[in-house]
Amino acid sequence: MAEAGTGFLEQLKSCIVWSWTYLWTLWFFIMLFLVYILRVPLKINDNLTTVSMFLNTLTPKFYVALTGTSSLISGLILWWYFRKYGTSFIEQVSVSHLRPLLGGVDNSAPSAASAAGGDADSNRQSVSECKVWRNPLNLFRGAEYNRYTWVTGREPLTYYDMNLSAQDHQTFFTCDTDHLRPADAIMQKAWRERNPQARISAAHEYVHVPLYWGAQKCATAYILLAEEEATTIVEAEKLFKQALKAGEGCYRRSQQLQHHGAQYEAQHRRDTNVLVYIKRRLAMCARKLGRTREAVKMMRDLMKEFPLLSMFNIHENLLEALLELQAYADVQAVLAKYDDISLPKSATICYTAALLKARAVSDKFSPEAASRRGLSTAEMNAVEAIHRAVEFNPHVPKYLLEMKSLILPPEHILKRGDSEAIAYAFFHLQHWKRVEGALNLLHCTWEGTFRMIPYPLEKGHLFYPYPICTETADRELLPSFHEVSVYPKKELPFFILFTAGLCSFTAMLALLTHQFPELMGVFAKAFLSTLFAPLNFVMEKVESILPSSLWHQLTRI
């Protein structure tokens with residue numbers, strides 16, 4: 001019985017809502033009907049005649065005053081618009097609407113360095129405006145990317161992404177003197193091969209080079225086999241350990257000879273890059289195999305041994321491992337060192353800082369309670385940290401809140417782009433879920449970021465203006481089956497558009513009436529007659545249907 005009563009109440013409520021939706025339409029027609037009936041006692045025809053005579057006798061001064069008043073009102077509104085959104089209405093229309101139609105390019109955003117190993121093709125020119133970075137947490141091709149391809153039949157890496165990786169390998173793992181040694185020449189050729197099987201075959205050939213050719217220098221061959229041939233992380237770790245033995249020997253020898261000439265300097269730089277790469281990948285293998293504390297120790301030792309190689313962003317690997325250990329004090333210590341105003345930011349830095357701030361208040365945060373009593377100091381700090389992170393990369397929250405599906409991260413990322421958001425969320429979503437209430441706080445506050453940024457959104461609040469080339473670069477880095485996220489666009493308020501259009505239309509009518517008064521009068525009469533033609537037709541039908549005596553009595557009321 002209770003359920004039946006509840007269902008009846010719901011149906012009654014829906015009927016009332018439906019009837020109220022259309023009640024205003026009925027009321028409008030009733031008012032029109034009454035106005036038509038009472039047109040004689042209200043002397044509507046006489047009033048219209050008087051108004052038309054008044055308009056015909058107006059002097060040009062009236063139109064000048066009308067135009068001036070409308071201009072004043074529109075000027076006040078546009079001034080208010082500038083104060084609120086940080087840009088003029090005309091500038092916004094020119095930048096957002098007219099410039100794309102005319103094919104213009106916005107040069108206000110600072111252009112970054114060219115993409116790593118920039119492609120010479122013409123279709124890559126727009127991509128090269130944004131700097132593409134090596135993903136600090138990139139996966140293993142053989143053990144992870146290839147396994148995904150075997151299962152799904154999809155290619156997780158684009159040709160552009162793999163081409164950038166090939167250029168990175170040639171930059172870091174080769175030097176100009178490699179062609180003087182047959183063994184090194186084999187690997188120099190291997191890094192240029194596009195076919196994976198050809199690269200793997202060349203690496204095997206290098207591994208089995210006779211000793212008198214320098215078999216102890218096959219570290220890069222083991223790297224290639226660990227990255228592309230090993231089908232599990234365990235196999236990759238074994239090959240990297242072999243590469244470590246060879247790499248340490250080469251590094252010690254080149255370190256002794258590094259000051260003996262330019263070619264020895266180049267060899268030492270190459271051997272240093274190889275050694276750092278191997279140790280980092282070994283730490284990542286330990287992290288993937290569950291030996292997180294060992295991975296943290298390896299990363300800390302690596303950062304102490306090579307403190308100047310910050311371009312590898314090893315601290316991002318360290319932050320992720322420390323978050324897995326829930327060592328939040330150590331995470332804060334790392335952030336204190338790398339979240340500096342003079343250092344480049346990343347999604348890992350910004351969102352990890354926001355996570356730590358949210359962790360202090362998220363377990364007790366309630367939107368309803370916060371709206372009643374206001375935000376506390378700690379909650380305000382957490383919200384500001386989230387706003388800062390979202391402004392840096394606005395694509396991350398949709399992945400953290402699982403509003404958009406994740407894919408495997410690419411080997412290269414574009415900072416502040418969708419590729420960086422995927423790479424961050426892929427590894428850090430579990431850390432946000434582990435902190436109670438953190439995702440709820442993010443869900444309640446992240447969209448408020450866009451109300452703080454001056455209009456247009458590309459103008460930035462805490463960071464440089466958002467780059468306009470991110471969408472093009474991300475489409476090159478991410479596979480075709482993924483829908484690339486773009487920077488959200490704020491639509492112009494309807495009130496602003498309506499007011500601007502009304503003022504412009506009024507000014508145009510005033511100008512035309514002043515220049516062509518007779519023609520505009522004819523046009524106005526034709527427009528009004530056309531507008532009221534359906535109403536006159538309906539009223540004639542009503543007069544023909546209703547009895548003449550009743551209609552006469554109604555008109556005399």
Side-chain angles (χ1 to χ4, degrees), residues 109 111-119 121 123-141 144-145 148-149 152 154-169 284 311-313 315-317 319-320 344-352 389-429 432 446 457-458 463-488:
S111 60
S114 60
D119 200 329
D121 296 338
N123 60 346
R124 309 288 190 219
Q125 290 179 358
S126 59
V127 180
S128 63
E129 296 176 2
C130 292
K131 183 176 177 60
V132 180
W133 299 74
R134 183 81 175 178
N135 184 4
L137 296 168
N138 67 303
L139 306 178
F140 294 82
R141 282 194 187 178
E144 293 173 305
Y145 286 121
Y148 176 84
T149 304
T152 64
R154 290 177 168 181
E155 290 290 343
L157 298 177
T158 63
Y159 171 75
Y160 177 67
D161 191 16
M162 292 188 290
N163 185 44
L164 290 177
S165 298
Q167 295 175 13
D168 290 341
H169 295 153
M284 294 176 69
M311 61 181 177
F312 289 104
N313 294 324
H315 59 275
E316 297 195 8
N317 300 82
L319 285 172
E320 196 279 328
K345 298 294 181 291
S346 67
T348 301
I349 293 292
C350 295
Y351 278 90
T352 302
V390 174
E391 182 182 346
F392 181 83
N393 193 317
H395 312 296
V396 173
K398 287 190 175 181
Y399 293 106
L400 292 180
L401 298 173
E402 298 183 80
M403 300 166 64
K404 192 172 182 183
S405 58
L406 275 171
I407 62 172
L408 293 185
E411 292 184 340
H412 289 81
I413 59 175
L414 183 68
K415 287 191 175 182
R416 308 186 74 179
D418 190 31
S419 53
E420 185 191 34
I422 292 172
Y424 173 79
F426 187 86
F427 294 100
H428 289 263
L429 176 58
W432 280 81
W446 76 277
L457 294 180
E458 292 82 354
F463 296 98
Y464 283 111
Y466 190 79
I468 61 174
C469 59
T470 53
E471 180 180 354
T472 305
D474 280 333
R475 292 190 188 279
E476 295 288 341
L477 290 172
L478 298 173
S480 58
F481 57 81
H482 173 73
E483 182 182 356
V484 176
S485 296
V486 296
Y487 201 84

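Just so it is clear, the values below take in all heavy atoms, side chains as well, and ignore hydrogens, waters and symmetry mates.
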Run the numbers on Tyr160 and Val132 for side chain to side chain contact (heavy atoms under 4.5 Å, CB included), then give the verdict. CA-CA 11 Å; Tyr160 177 67; Val132 180; 4.3 Å; yes
Does Asn317 reach the main-chain N or O of Pro136 with its side chain, forming a donor-acceptor pair under 3.5 Å? yes
Go through the steps for Tyr424 and Leu400 under the test side chain to side chain contact (heavy atoms under 4.5 Å, CB included), then give the verdict. CA-CA 9 Å; Tyr424 173 79; Leu400 292 180; 4.2 Å; yes
What's the spacing between Leu406 CG and Phe426 CZ if we round to 0.5 Å? 7.5 Å
To check you understand the geometry: which heavy-atom pair defines the closest contact between Glu411 and Asp161, and what is its length? N-OD2, 2.8 Å
Rounded to the nearest 0.5 Å, the CD1 atom of Ile407 sits from the OG1 atom of Thr152 at a distance of 11.0 Å
Determine whether a donor-acceptor pair (N or O, by modelled atom type, separation under 3.5 Å) exists between the side chain of Asp474 and the backbone of Ser419. yes
Backbone N/O of Arg154 and side chain of Thr149: donor-acceptor pair under 3.5 Å: yes
How far does CG of Leu478 sit from CD1 of Ile422, to the nearest 0.5 angstrom? 4.5 Å
Which pair of heavy atoms, one from Pro394 and one from Trp446, lies closest together, and at what distance? O-CZ3, 4.1 Å
With a 3.5 Å distance limit and no angle check, can you tell me whether Asp418 reaches the backbone of Val484 through a side-chain donor-acceptor pair? no
To the closest 0.5 Å, what do you measure between CG (Asp168) and CG (Asn163)? 9.5 Å
If you define the side chain from C-beta out and look only at heavy atoms, does anything of Pro409 sit under 4.5 Å from Phe427? yes
Can you list everything that forms a ring pair (Phe, Tyr, Trp, His ring centres under 6.0 Å) with His169? Sequence neighbours excluded, please. Phe173, Trp191
May I ask you to test the Thr348-His315 pair for a side-chain heavy-atom distance under 4.5 Å? no
Ring pair (Phe, Tyr, Trp, His ring centres under 6.0 Å) with Phe392: which residues, sequence neighbours excluded? Phe463
Within this structure, what is the OH-CG distance for the pair Tyr148 and Leu157, rounded to the nearest 0.5 Å? 10.5 Å
Between Glu483 and Lys404, is there a salt bridge with N-O shorter than 4.0 Å? no
dist Asn138:CG -> Met284:CE (nearest 0.5 Å) comes out at 5.5 Å
Holding to salt bridge (Lys or Arg N to Asp or Glu O under 4.0 Å), I want the full list of residues that pass it with Glu420, two or more places apart in sequence or in another chain. none
Looking only at atom types and distance, does a side-chain atom of Tyr351 sit under 3.5 Å from a main-chain N or O of Asn393, one as donor and one as acceptor? yes
Donor-acceptor check, side chain of Arg416 to backbone of His395, threshold 3.5 angstrom: yes or no? no
Over 60° means perpendicular and under 30° means parallel, so tell me whether His482 and Tyr399 are parallel, tilted or perpendicular. parallel
Before you tell me yes or no, could you show the steps for His428 and Glu320 under side chain to side chain contact (heavy atoms under 4.5 Å, CB included), namely the whole-Å CA-CA distance, both residues' side-chain angles and the distance that decides it to 0.1 Å? CA-CA 7 Å; His428 289 263; Glu320 196 279 328; 3.8 Å; yes
Of all heavy-atom pairs between Ser165 and Arg134, which one has the smallest distance, and what is that distance? OG-NH1, 3.0 Å
